[in-house]
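Reviewing the structure listed below.
Hydrogens, waters and symmetry mates play no part in the numbers below; they use all other heavy atoms, side chains included. Numbers for residues simply follow the sequence, beginning at 1. Atoms within each ligand, like the ligands themselves, are counted from 1 in listed order. Please read these numbers as outputs of a predicted model, since none were measured by experiment.
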Amino acid sequence: MIRIAVANQKGGVGKTTSAINLATALAATGQRVLLIDLDPQGNASTGLGIGANQRHRSSYDVLVGNTTVSDAVVNTPIPRLDVLPATVDLSGAEIELVELEARTHRLHKALEVAPADWDIVLIDCPPSLGLLTMNAMVAADSLLVPLQCEFFALEGLSQLLSTVERIRARFNPSLSILGVALTMYDRRNRLTEQVSKDVRAVLGQVVFDTVIPRNVRLSEAPSHGLPALIYDHRCSGSEAYIALTRELLARLPRQREAA
Ligand SMILES: Nc1ncnc2c1ncn2[C@@H]1O[C@H](COP(=O)(O)OP(=O)(O)OP(=O)(O)O)[C@@H](O)[C@H]1O
Ligand SMILES: [Mg+2]
């Protein structure tokens with residue numbers, strides 16, 4: 001089971017859009033995928049059509065120890081894609097977790113005892129570097145960082161990377177950066193081009209070749225409760241996420257064949 005946290009403390013950079021569409025594309029390639037919604041906004045759950053009435057148990061319940069991952073998981077209409085949904089309860093978790101034992105390892109421990117029902121687990125993080133994101137980073141093997149091509153993109157990144165360093169030093173030495181994905185790319189915008197050049201110059205190979213274009217279909221899809229890949233699989237955004245999925249799979253350690 002490979003665990004990838006989709007993280008960036010900056011809001012609205014495409015974490016959830018990336019998590020939903022990568023999860024969908026990975027499932028389409030035959031991987032059994034679990035998407036963990038670790039954001040109190042619950043956008044990943046909503047974007048996959050999981051209504052409030054289907055969120056009997058949530059990622060909050062798993063973190064505080066009310067339930068197990070298996071008991072809280074909801075199937076989506078997409079074959080091989082399951083979701084551990086989020087509810088607004090999660091907004092209290094940052095504070096409640098402080099009181100609990102092993103507060104940074106709650107998700108890690110819950111996944112350790114979960115059955116091996118999934119090949120890949122994607123964790124959609126909230127826009128902060130608080131305890132929820134720390135739980136994701138402790139539980140994860142690697143990070144996928146969506147980065148919006150705008151002026152302050154790199155500035156936020158150094159803060160994220162120093163958090164990764166701290167997590168490595170204290171809790172999870174093997175945490176790696178799987179890749180940085182440039183999102184909301186607008187070829188007509190010179191700033192976008194410049195930022196993307198700068199980011200590649202500074203970060204090099206870790207930046208995926210694939211860029212996710214700014215594409216209105218990607219932003220429309222969640223209101224239909226569908227991944228863009230299902231809503232309109234031929235739009236430029238969907239095609240980009242398919243290409244990104246190929247790159248991502250190529251970077252993953254080769255999975256053991258099922259016995
Ligand atoms: N490539 C894109 N083109 C156009 N719109 C996009 C694209 N990616 C994301 N969006 C839209 O931008 C907004 C923010 O995207 P998203 O929710 O994926 O970001 P996020 O990083 O998860 O945000 P938050 O930090 O609030 O969780 C959403 O309305 C989404 O539909
Ligand atoms: Mg989000």
Give the atoms of ligand 1, by number and element, whose distance to some non-hydrogen atom of V13 is under 4.0 Å.
19 (O), 20 (P), 21 (O)
So, is D124 polar-close to ligand 1, with some N/O to N/O distance under 3.5 Å?
no
How are the rings of F171 and H105 set to each other: parallel, tilted or perpendicular (split at 30° and 60°)?
perpendicular
For residues S18 and Y241, is any side-chain donor paired with an opposing acceptor at under 3.5 Å?
yes
Can you confirm whether some protein heavy atom lies under 4.0 Å from atom 28 (C) of ligand 1, or whether none does?
no
Donor-acceptor pair, side chain of Q148 and main chain of A153, under 3.5 angstrom:
no
Region of D39 engaging ligand 1 - heavy atom pairs below 4.0 Å
side chain
Which bit of P213 gets closer than 4.0 Å to ligand 1, counting heavy atoms only: side chain, backbone, both or neither?
backbone
For I212, atoms of ligand 1 separated by under 4.0 Å from a heavy atom:
1 (N)
What are the atoms of ligand 1, with element, lying closer than 4.0 Å to any heavy atom of N215?
2 (C), 3 (N), 4 (C)
Residue selection (non-hydrogen contact nearest atom 19 (O) of ligand 1) among G14, P127, S219, G11
G14
Are D119 and R32 close enough for a salt bridge, meaning some N to O gap below 4.0 Å?
yes
Is the shortest distance from a Lys or Arg side-chain nitrogen in R170 or E165 to a carboxylate oxygen in the other one below 4.0 Å?
no
Can you tell which of M184, K10, E220 gets a heavy atom nearest to atom 7 (C) of ligand 1?
M184
Non-hydrogen atoms of G12 versus ligand 1: any pair closer than 4.0 Å?
yes
Could you list the atoms of ligand 1 found under 4.0 angstrom from a heavy atom of Q41?
24 (P), 26 (O), 27 (O)
For the residue pair R251 and F208, would you count it as a cation-pi contact if the rule is NZ or CZ under 6.0 angstrom from the ring centre and within 45 degrees of the ring axis?
yes
For residues V74 and R55, determine if any side-chain heavy atom of one lies less than 4.5 Å from a side-chain heavy atom of the other.
no
With the side chain counted from C-beta on, respond yes when L48 and I20 share a heavy-atom pair under 4.5 Å apart, and no when they do not.
yes
Polar atom proximity, K15 to ligand 1 (N or O, under 3.5 Å):
yes
Any N/O of T16 closer than 3.5 Å to an N/O of ligand 1?
yes
Short N/O/S contact of T17 with the Mg ion (ligand 2) (below 2.8 Å):
no
4.0 Å heavy-atom contact, P222 with ligand 1
no
Got L249 and Q31 here, is their nearest side-chain heavy-atom distance under 4.5 Å?
yes
Starting from atom 30 (C) of ligand 1, what is the nearest protein heavy atom, named by residue and atom, and what distance separates them?
T17 OG1, 3.8 Å
For I50 and T76: C-alpha separation, side-chain torsions, deciding distance, then whether side-chain contact (heavy atoms from CB on, under 4.5 Å) applies.
CA-CA 8 Å; I50 310 298; T76 72; 4.3 Å; yes
Under-4.0 Å heavy-atom contact between protein and atom 9 (C) of ligand 1:
yes
Do R187 and V211 make a side-chain contact, defined as non-hydrogen atoms from C-beta onward lying under 4.5 Å apart?
yes
Answer yes or no for atom 1 (N) of ligand 1: protein heavy atom present at a distance under 4.0 Å?
yes
